[in-house]
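In what follows, a structure is listed as structure tokens, so that the remarks can point back to it.
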Amino acid sequence: MTSITTQTITFKVFRFNTETDYLPAYKEYQMEVTSEEVVLDILNRIKWEFDGSFSYRRSCRHGICGACAVKVNGKGVLACKERMNDIIDSFGTELTIEPVSTKRAVKDMIVDKADFWEKHDAVKPYLVSDIDEHPKEESLVTPEQAEALLEADLCIQCGLCHYSCPAIEENDEFFGPAAFAAAYRFNADVRDEGTLERLDTVNQPGAGVWDCVKCFECAEVCPKEVNPIEKITKLHNQVFEYGRAPNNVAVRHAVGFAHSIKKHGLLDEGELVRYSEGTLGVLKHMPVALQMYKKGKIVLPWNMPQSDKLDEIKKLVKISSTVKF
Amino acid sequence: MGIPIYTYDAVIVGAGLAGTAAARELEKAGKKVAVITKLHPLRSHSGAAQGGINAALSDEDSIELHEFDTVKGADYLADQDVVELMCKEAPETIRWAERMGAAFSRNEDGTIAQRPFGGQSSPRACYAKDRTGLTLLQTIYEQALREGVTFWDEWYAADIIYKEGKVSGVVAFNIRNLEYAIFNAKAVMFATGGYARAYKINSNAHANTGDGLSIVARHGLPLEDMEFVQFHPSGLSGNGVLISEAARGEGGRLLNSKGERFMEKYAPNKLELASRDVVSRAIINEIREGRGVGPRKDAVYIDLVHLGKDLIMERLPELRDLAITFLGLDMVKEPILISATAHYSMGGIPMDKDGHVRKNNTEFVEGFYAAGECSCSSVHGANRLGANSVLEALFFGRHVGQSMIQDLNEGITLRKATEDDAKAMIDEITLTLNRNGTDTVPGLRDELQQSMTDNAGVFRTEETLAEQVNILKELRRRFHENCRIDDKSKIFNTDLQEAIELGHMLDFSLFIVESALARKESRGAHFREDYDTRDDENFLKHTMAYMDENGNITLDYMDVTLGKHELKERTY
């Protein structure tokens, strides 16, 4: 940092107060933004220089308390950790600032996060262990065992992944990436004794890990690089490793995938449906199947092709499989 | 009025390490306990502690050395009985946190890893990478959640119920909708954190406005050793955000504009690992004498490049990230810009070693307890040793929780609260909402913070402090007569909250300045250019300051509890 530069930026800011407003409005503020500033500085300046009633959550101002998550031009950011210069590079000099979830907005940037905390609390986000209240020694944990948490303990519950997750948008029951990361954090801890119970919780159809749509948005948005989807995938595996997979559609869907790849090196969509939903279930999907067939997206069962490197794929499946289905 | 009165055995204000640790103890003992916090518990500033938590765990270290380093660091103002207690219990405290799930960094053999920190005879700081506070706060919160502790989050504690020498509850409002409530309790604990937010350049969270201190002081109760504010040597240039002492502990070197490793002049033996007050003064001195660096020449370099990328990524990843975010500088490739930043409050609500709040030098307030940074036991004396604050919060939180259980078991009567007990809070809110004028909260706050940094900062003189007293009196007059806020609504009125917080900052700042003015010596973090040496004959004593109804401060002094660590000159 040899010199400080400034640019004129126009901000359109979501303003709403449940007490007085029926609908939100976007107010415009223009200011000179310096190269030293982060998004939180802008929120502060709106409040301190323009309108004291502007409200947002913030505390630590250096990316560790998780209070100040907002969206800028639709991108989820932790306001105190996001450099204005980077935002301007991505989106230009006209910027829209909104709460992480406009439908949950209570006042300006402040949202009702009750659903987030309920789901967080539901996965037993604590070490399940009979705690020695007066220990003479610590439990021994090797550096390798400590690393198994894969930084899941760095999650600061900012909620950015939760409110960027399309599965949450569609499915109120879905625990969401942050809760799964928390579940993984404790399951991965050698000192924990709550893994089975936690797996049964995150394994529920609808609410559980099988409803993740694998879009990677959570990994993309996380300001602490916790990479929740990686933890969701680990939980998928743990469900099998610990023998907690019930015989249901979600699990059969996953197993059917593996079978198909092993057999053909490719995905057999028709067989996948039959395997996970049963022969009667196939009937339900016939209209879609016919459409897909017409467009050449699926083939008749006896015409299912094989990958030309099937031998190698089989080898790969064999060495990468840690779990027997 | 219809204000609800909730009844508890114990009510705790503040949900950081101290408050939450106490709550868990009380809940486990079957007491009905509530924790009130103006944030969500996980947003508490304990989570920002980076570098470590002290305990003499290794064979090369000893409890006695930990005590000695703490007392010496404190410039002999610490009460040695309290220091002995904390240092003795430190190993168990760390291991207890570990058993609850804290994700400490480990040695190859699986034991908890430790790193060197300033002012310490041995590598003593247990750590979790550079996010020690985060793992501890998360852990204690998780286990409190597991026990079923009731948290009233986003509630603002505005007052205590204090009459006839006894505290019997807390008066608060819901930040979500300005709903009032009275929390009637047999025992009340304050764990409300520190007060460095009174300074312009500080490392503290926005929330650290020292509310708890002036709530207590407004009832005529004393505040102890308020003049001792720690300036941490390494705040990021410009905004003061902390770069942990771990950066120096791991081998960081301080350089001025001439490329000189200037600590060779100030602390030839310990260099960068001298005590924090020593290093901070050295930095400010280099800047004052024209050897500063950066776009404003108001910083020095800390150079970590020689540590190599692997070590930085393994042990200091968060710090690297902070410097990239706020300065655009990557410590793997280049030195970064730092300067002294107001960081920690040694002073606070006076208490004995079991957390009982003092009414004066000899008496205690019934049913009232304190722990953590808002309290003064005094375990840190005139200057806190790095990695002792997290220990203090966690140990005393738990210990004072246990002391509350014991007192409750021995029988504290519940004095029934009435709606009238909420009057002071309601008056304060009504007045703040309706007051008209031309001054604004951010305007007055800027003046407060800038003047505190200029006049009551790292270096102080009779002249600057006297000037600051006048500035504060004038700021308080303008605040009370002429300060208006924009927001009149009931929903998340953060404008109102910031105004109330400013009122607290203006009040306790006067304690800092008046106490500093009267202490005509230099000790620990308090450095008077006009009295630049320690004066044990006249000032080996704690300041006890009281505020009267007109807002004037009177001072008294209390003896220091000495012990086996005898007074010596302090050199590093």
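Chain identifiers are assigned alphabetically (A, B, ...) following the order of the sequence lines, protein sequences preceding nucleic acid strands; residue numbering begins at 1 within each chain.
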Are B/Asp321 and A/Lys81 close enough for a salt bridge, meaning some N to O gap below 4.0 Å? yes
Check A/Arg191 with B/Glu98, please: is the shortest side-chain N to carboxylate O separation under 4.0 Å? yes
Can you tell which part of A/Asn17 gets under 4.5 Å to a heavy atom of chain B, answering side chain, backbone, both or neither? side chain
Hey, does A/Leu127 have a side-chain heavy atom less than 4.5 Å from the side chain of B/Arg99? no
Just so I understand: if I count every heavy-atom pair under 4.5 Å between each of A/Ala146, A/Gly63, A/Ser129 and chain B, which residue has the most? A/Ser129
Can you tell me which portion of A/Lys124 sits under 4.5 Å from chain B's heavy atoms? Options are side chain, backbone, both or neither. neither
Taking side chain as everything from C-beta outward and backbone as N, CA, C, O, which of these in A/Glu147 sits under 4.5 Å from a heavy atom of chain B? Side chain, backbone, both or neither. side chain
For B/Ile324 versus A/Arg83, what's the shortest heavy-atom pair and its separation? O-NH1, 3.2 Å
If you count heavy-atom pairs within less than 4.5 Å of chain B, which of A/Phe186, A/Tyr56, A/Trp48 leads? A/Trp48
Give me the contact list for residues 99-107 of chain A versus chain B, heavy atoms only, anything under 4.5 Å, ordered by residue number. A/Val106, A/Lys107
Can you tell me which portion of A/Glu49 sits under 4.5 Å from chain B's heavy atoms? Options are side chain, backbone, both or neither. neither
Contact class of A/Phe54 relative to chain B, heavy atoms under 4.5 angstrom: backbone
Do the charged groups of A/Glu19 and B/Lys488 touch, with an N to O distance under 4.0 Å? no
Top residue by heavy-atom pair count (under 4.5 Å) with chain A, among B/Thr135, B/Val241, B/Leu39? B/Val241
Structural part of A/Arg61 lying under 4.5 Å from a heavy atom of chain B: both
Rounded distance (nearest 0.5 Å) linking atom OG of A/Ser53 with atom CG of B/Asp495: 7.0 Å
Would you call B/Arg95 and A/Glu138 a salt bridge, taking side-chain N to carboxylate O under 4.0 Å as the test? yes
Shortest non-hydrogen separation from B/Ala103 to A/Leu149 and the atoms involved: CB-CD1, 4.0 Å
Once rounded to the nearest 0.5 Å, what's the spacing between atom CD of B/Glu498 and atom OG of A/Ser55? 9.0 Å
Under 4.5 Å from any heavy atom of chain B, what part of A/Asn85 do you find: side chain, backbone, both or neither? neither
Is B/Glu154 paired with A/Lys113 through a side-chain N to carboxylate O contact shorter than 4.0 Å? no
Most heavy-atom pairs under 4.5 angstrom with chain A, which of B/Lys28, B/Gln50, B/His45? B/Lys28
Value rounded to 0.5 Å, distance of OG1 in A/Thr142 from CD in B/Glu108: 8.0 Å
How close do B/Arg398 and A/Glu133 get, counting heavy atoms only, and between which atoms? NH2-O, 2.8 Å
Could you grab the distance from atom CG of B/Asp487 to atom NZ of A/Lys47, nearest 0.5 Å is fine? 6.5 Å
Within this structure, what is the CD-OH distance for the pair B/Glu147 and A/Tyr126, rounded to the nearest 0.5 Å? 9.5 Å
For B/Thr139, which atoms come within 4.5 Å of any heavy atom of chain A: side chain, backbone, both, or neither? neither
Tell me whether the rings of B/His40 and A/Trp117 are parallel (<30°), tilted (30 to 60°) or perpendicular (>60°). parallel
Engaged part of B/Arg176 at the chain A interface, taking heavy atoms whose separation is under 4.5 Å: neither
Looking only at A/Asp130, A/Thr20, A/Ile156, most heavy-atom pairs under 4.5 Å shared with chain B are made by A/Ile156
Within this structure, what is the CD1-OG1 distance for the pair B/Ile491 and A/Thr18, rounded to the nearest 0.5 Å? 4.5 Å
